[in-house]
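Throughout, numbering of the chain's residues begins at 1 and tracks the sequence.
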Amino acid sequence: MITASAPGKINIFFDCGALQPDGFHEVASVYLALNLRERVSVSLSQTWAVTVQGDISAEHLAGVPTDESNLVVRAAKLVAEIAKIDAPTPLHFVIDKAVPVAGGMGGGSADAAAAMVAANEIWLAGLSFETLVAESGRLGADVPFALAGEVAVGLGRGEQLRSIHATKPLHWVLVANDGGLSTPTVYRHLDELRSAQQVDPTKVSAPSVPALLEQAIMNGDAHALAGLMRNDLEAAAVDLMPTLAQTIEAGVAAGALAGMVSGSGPTVALLAESENSAESIANYLAIQGYTAITAVGPAAGTILESN
């Protein structure tokens, strides 16, 4: 059995640009990898199979497909295709989940990244890590970052990465939601909101990341970062799930420097001043009935844990 792990992420900045003819959007995103890691173990099998377990809610676990539609199977088959392995031996995947499902934190992408690294190892495919990163965008825009980890600006659809060197950790409280939000639905609703405001979704200005935000990350300056965080998808996510606004307000009231919807949601990310502050915020929110966990980033990308 081969085990690899990959980090979940939050988007601490997300500028959504114009709707493209293919239905996707140009984006400028800042990804931060967190110490919440998805672990994927693979072993040779007679048939393709997926088992899911983990320390997340039963509702979230039930939302993960256990057939060949799971992204881990596509990820492994992509490795075989790139390495020109004809009729690869099927694999049994055991996914140990730590990242909320459909929460805007890239859990599925982390699973795919870990599956690529593990399949490359168990099949002795011999593909370089750089090759895996370069090809992984075919599985989804977040997969290259799940492989790379740490902190990065993502351009294009988010898969064109440029690393940011962070010198200090940033502390977060993540508030999960058992309800899910479909990423395509949130993007589509953003376009509807823009149209309602007399903004043509196909003519939005080119997205970019402020230099001041990159500087705040490099310096580990949580107070400066708090005033620069932004997510263009947040308005659409909150409109679809209004309770998210209440969650952000509760987090700020508990002491968070700032709060935002992570990606397309519905997970809310709250920036804390320190590790102690994050623990205090999480405890306060738990008393209020929220499902809150602490996390820290940046964290390493996909790594091989055992073989």
Side-chain angles (χ1 to χ4, degrees), residues 4-17 26-38 98-99 104-107 109-110 113-114 116-117 128-137 140-174 206-232 256-260 262-263 269-278 294-305:
S5 71
K9 58 83 182 173
I10 53 175
N11 300 76
I12 54 182
F13 184 86
F14 194 87
D15 186 353
C16 186
E26 282 188 291
V27 305
S29 173
V30 176
Y31 297 108
L32 176 72
L34 299 174
N35 63 336
L36 300 178
R37 301 188 70 83
E38 301 277 279
V99 177
M105 292 184 60
S109 297
M116 289 186 79
V117 168
S128 69
F129 191 78
E130 291 74 19
T131 297
L132 295 179
V133 173
E135 298 288 345
S136 64
D142 288 347
V143 183
F145 178 72
L147 282 161
E150 302 295 340
V151 194
V153 173
L155 301 176
R157 294 180 185 173
E159 82 288 0
Q160 300 170 22
L161 301 178
R162 174 172 58 80
S163 295
I164 300 174
H165 178 63
T167 57
K168 297 178 183 177
L170 293 166
H171 297 276
W172 301 84
V173 176
L174 306 170
S208 62
V209 174
L212 285 176
L213 182 132
E214 292 194 39
Q215 193 64 47
I217 293 169
M218 288 189 283
N219 295 338
D221 188 339
H223 286 272
L225 179 61
L228 296 165
M229 290 163 49
R230 192 183 102 210
N231 177 10
D232 280 358
L257 299 177
M260 67 191 304
S262 177
L270 301 165
L271 177 61
E273 185 175 28
S274 65
E275 182 178 3
N276 287 341
S277 177
T294 60
V296 63
T302 305
I303 56 174
L304 194 63
E305 294 201 343

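With a 4.5 Å cut-off on side-chain heavy atoms, Ile12 and Trp172 count as touching. Side-chain contact between Phe145 and Ser109: absent, with no pair of heavy atoms (C-beta onward) separated by less than 4.5 Å. Side-chain contact between Ile217 and Leu32 is absent, with no heavy-atom pair separated by less than 4.5 Å. Put simply, the side chain of Ile303 reaches to within 4.5 Å of the side chain of Glu305, judged on heavy atoms. Between Leu34 and Pro7 there is no side-chain heavy-atom pair separated by less than 4.5 Å.
With rounding to the nearest 0.5 angstrom, the OG atom of Ser136 is 10.5 Å from the CG atom of Asp142. Leu271 CG to Met229 CE: the interatomic distance, rounded to the nearest 0.5 Å, is 5.5 Å. For the atom pair CG (Leu147) and OG1 (Thr302), the distance works out to 4.0 Å, reported to the nearest 0.5 Å. Arg230 contributes atom CZ, which lies 10.5 Å from atom CZ of Phe14 (distance to the nearest 0.5 angstrom).
For the pair Gly140 and Pro144, the tightest heavy-atom approach, listed with the atom from each and the gap, is O-CD, 3.4 Å. Taking all atoms of both residues into account, the shortest heavy-atom contact from Ala141 to Tyr31 is O-OH, 3.8 Å. Closest approach of Ala226 to Ala258, counting heavy atoms only: O-CB, 3.7 Å. Taking all atoms of both residues into account, the shortest heavy-atom contact from Ala222 to Ala272 is CB-O, 4.1 Å. Leu228 and Phe13 get closest at one heavy-atom pair: O-CD1, 3.6 Å. Heavy atoms only, all atoms of each residue included: Glu38 and Ala98 are closest at OE2-N, 2.6 Å.
A side-chain donor-acceptor contact under 3.5 Å links Arg37 to the backbone of Gly301. Checking side-chain atoms of Asp232 against main-chain N and O of Asp15 turns up no donor-acceptor pair under 3.5 Å. Under the 3.5 Å distance criterion, the side-chain polar atoms of Asn35 are left unmatched by any main-chain donor or acceptor of Ala299.
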Return a table of donor-acceptor pairs under 3.5 angstrom between the side chains of residues 158-171 and protein atoms on other chains or two or more places apart.
unit_1: Glu159; atom_1: OE1; unit_2: Arg157; atom_2: N; d: 2.9
unit_1: Arg162; atom_1: NH1; unit_2: Glu214; atom_2: OE1; d: 3.1
unit_1: Arg162; atom_1: NH2; unit_2: Glu214; atom_2: OE2; d: 2.9
unit_1: Thr167; atom_1: OG1; unit_2: Met218; atom_2: O; d: 2.6

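For Glu26, there are no salt bridge (Lys or Arg N to Asp or Glu O under 4.0 Å) partners at least two apart in sequence or on another chain. In this structure, the side-chain hydrogen bond (donor to acceptor under 3.5 Å, both in side chains) partners of Ser29, at least two apart in sequence or on a different chain, are Asn11.
Donor-acceptor pairing under 3.5 Å is recorded for the side chains of Ser128 and Thr131.
Tested against Leu174, the residues Leu270, Leu36, Val99 include a single side chain to side chain contact (heavy atoms under 4.5 Å, CB included) partner, Leu36.
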